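Since the structure comes first, as structure tokens, the remarks are kept for the end.
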Amino acid sequence: MDLDTLRHSCSHIMAHAVKELWPDVKLAIGPAIEDGFYYDFDKSGPFSDDDLLKIEQKMRQIIAKDEQFLREELDKNSAIELFKKLKEDYKVELIQALPQDSVSIYRTGKSFLDLCRGPHIKSTGQIKAFKLLSVAGAYWHGIETNPMLQRIYGTCFNTQKELEAHLKNLDEAKLRDHRKLGPSLEFFDIYHKAAGAGLVFYHPKGALLRTIIEDYEKKEHLKRGYQIVITPHIMDVSLWKTSGHYDYYKDNMFILNALDEPAVNNGEAPGTSQGEFVLKPMNCPGHILIYKSKTRSYKDLPIRFFELGTVYRREKAGVLHGLLRVRGFTQDDAHIFCLPHQLRDEIEKIIEFVFETMEVFGFKEWGVELSTRPEKYIGSLDDWEKATAALEDALKDKGIPYEVNPGDGAFYGPKIDIKLKDALKRTWQCATIQCDFALPKRFDLAYIDAEGKEKQPVMLHRVLLGSLERFIGALIEHYKGELPLWLSPCQVLLIPIKDSVVEYAQGVKNKLEENNIRVDIDTRNDTLDKKIRNAELNKIPYCLILGEREAQQGMVSVRKKGSGNQGALLLDKFIEELINQIREHR
RNA sequence: GCUGGAGUAGCUCAGUUGGCAGAGCACGUCCUUGGUAAGGACGGGGUCACGAGUUCAAUUCUCGUCUCCAGCUCCA
């Protein structure tokens, strides 16, 4: 049975049940979605968890009756009359918006009918396995100013077994939640009371993880002809007016008043700032200023500036979510200034860089999307076409399948988004490549061409991991907190069995550290079993158990996370094997 | 920002129909010196999210604020 049809029918049965329990409720829409279905209702009070159980029960009764789904065609006007009589205002509105002359409705049982294009299953008895999951508010037509309806989510499968597997998968996702794992592994926390919401504090282990990631990225960027730059966290408001960010995102920027400061006169907007500064929400204007600091020749291009740039955005309270949406985060951000004919090659290089980086971090699958010009945009239509074509050509050149998101681009240019898929096949927005003719124009960027004439360079914005915060969240969930060896903040934990071997353990620690292995030592007064348990819970890749036997022979007893005792090895041998394994991992 | 739910020790959670606040883990001290996932005893730790109101008395009831959770809208 086609799952979409099954789920769509299941959502009708849910609406049927709701109408029987609460006849005054008005129906909105109820489609099948990925993994399930929902139906939006207009009801005066909220649905409680108990109500969900009641609805499920009623649905089971309707399913037990095995009522037929009967299709009827009606002309538009009589359909409008019918739904007006039923006081289904939302349905009336839907029908009025439909272009065709006739509409179809479906009846189930004596009492229930619904506007619907279909198709549906034959009868309600074909539903074998379903569950209602949650209630949430949702705007009518998804528009913020419209009334808020109540949406009930549910899911439905062909067999009970598949349903249970899906529910288990949902539980599995909960176990991987970075908001739980992150703090419990002492990677980070997100204080709310003392500091404010949406601000991340990296604890030593998380800061170490981030440092490892940053070091890797710096090295790779230098290798590929990028130059590392560092720009200020606050910059005069006039700069953001020039860039256009102020007009588009003023409400989402942190604006600092420093009225005792004299107005900045940067020659561009004299006197406009009156000592107002903006906490940077983007790194591009900073990089642009560096580009503009001297005359550039066509021979210098492409110029690739890379910055681990920390930006702040005043996100609405309701959108904050763990490490995925925060108010302060660090991007692995680069801006590439190039000649028009270099554009495609640069884009292709970036795409290769992205894919290689994803693989190094252990992500094997991804989806690619091309987003085009939005309603609010700057720049000329001609430039937008050129930019979009450049991105599209690069994707085609590389033979990369992609989907198009019309109108989803940035205000200054179209973009390619690369969404990686984790171990549970969930997608994470990380890399993005944006083509931009607009900012070079606004900032009057130039290079001198072979004939000595001033020309305008093209600019690419791109991030690989996106926000390091979000990426670390993705890593934690992908690996369930069990990071690969090369990323583990602590790679080896030394466990001396008793006080008399602590000195030996200290020697082992020094030796490992000389080989750049990250190592901790647990000298606390706990039993061996307890220390091993702690190491497992902290997801440390290797433990070395050190007692009299090992100390006498210069050996270490190796315990691998998840696979237990590996037996004893000479210390040198262990180090050799470990180093090989770290290399192999990436 | 919107709709709904929630907030008790560092963590996981009991509890008080309005009358001195509880457990396990974690932490500290002592005993124990161990061989591959929790050794034992004792102890410290709380403005019961915050602010008002009702009351002889509020962690408990009412209102407001903040934060978190499930979504919606948004995401340069």
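Every chain is numbered from 1 and lettered A, B, ... according to where its sequence line falls, protein lines coming before strand lines. Keep in mind the model is a prediction, meaning the values are calculated, not measured. Note that these values count all heavy atoms, side chains included, but never hydrogens, waters or copies made by symmetry.
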Mind checking the P distance from B:U12 to B:G7? Whole angstroms is fine.
-> 13 Å

Does A:F411 lie flat on the base of B:A76, that is, centres under 5.5 Å apart and planes under 30° off?
-> no

Just how far, in rounded Å, is C1' of B:G4 from CZ of A:F41?
-> 16 Å

Under a 3.5 Å cut-off on both pairing distances, which runs of 3 or more consecutive Watson-Crick or G-U pairs involve RNA chain B?
-> B:1-7 with B:66-72, B:10-13 with B:22-25, B:27-31 with B:39-43, B:49-53 with B:61-65

Would you verify whether the NZ or CZ of A:K241 falls within 45 degrees of the ring axis of A:Y246 while also being under 6.0 Å from that six-membered ring's centre?
-> yes

For A:Y139 and B:G1, give me the distance from atom OH to atom C1', rounded to whole Å.
-> 6 Å

Indicate the ring-plane relationship of A:F188 and A:H178, choosing parallel, tilted or perpendicular according to the 30° and 60° boundaries.
-> tilted

Under 4.0 Å between a Lys/Arg side-chain N and an Asp/Glu carboxylate O for A:R559 and A:E536?
-> yes

Write down the distance separating the P atoms in B:U73 and B:U3, rounded off to the nearest Å.
-> 15 Å

Which value, in whole Å, describes the distance between the P atoms of nucleotides B:G44 and B:U32?
-> 23 Å

Between protein and nucleotides 35-41 of chain B, map the contacts as a letter string: B base, S sugar-phosphate only, - none, heavy atoms under 4.0 Å, written 5' to 3'.
-> BBBBB--

Does A:F41 have its ring centroid less than 6.0 Å away from the ring centroid of A:Y39?
-> yes

Contact residues, residues 24-39 of chain A to RNA chain B [heavy atom, < 4.0 Å] = none

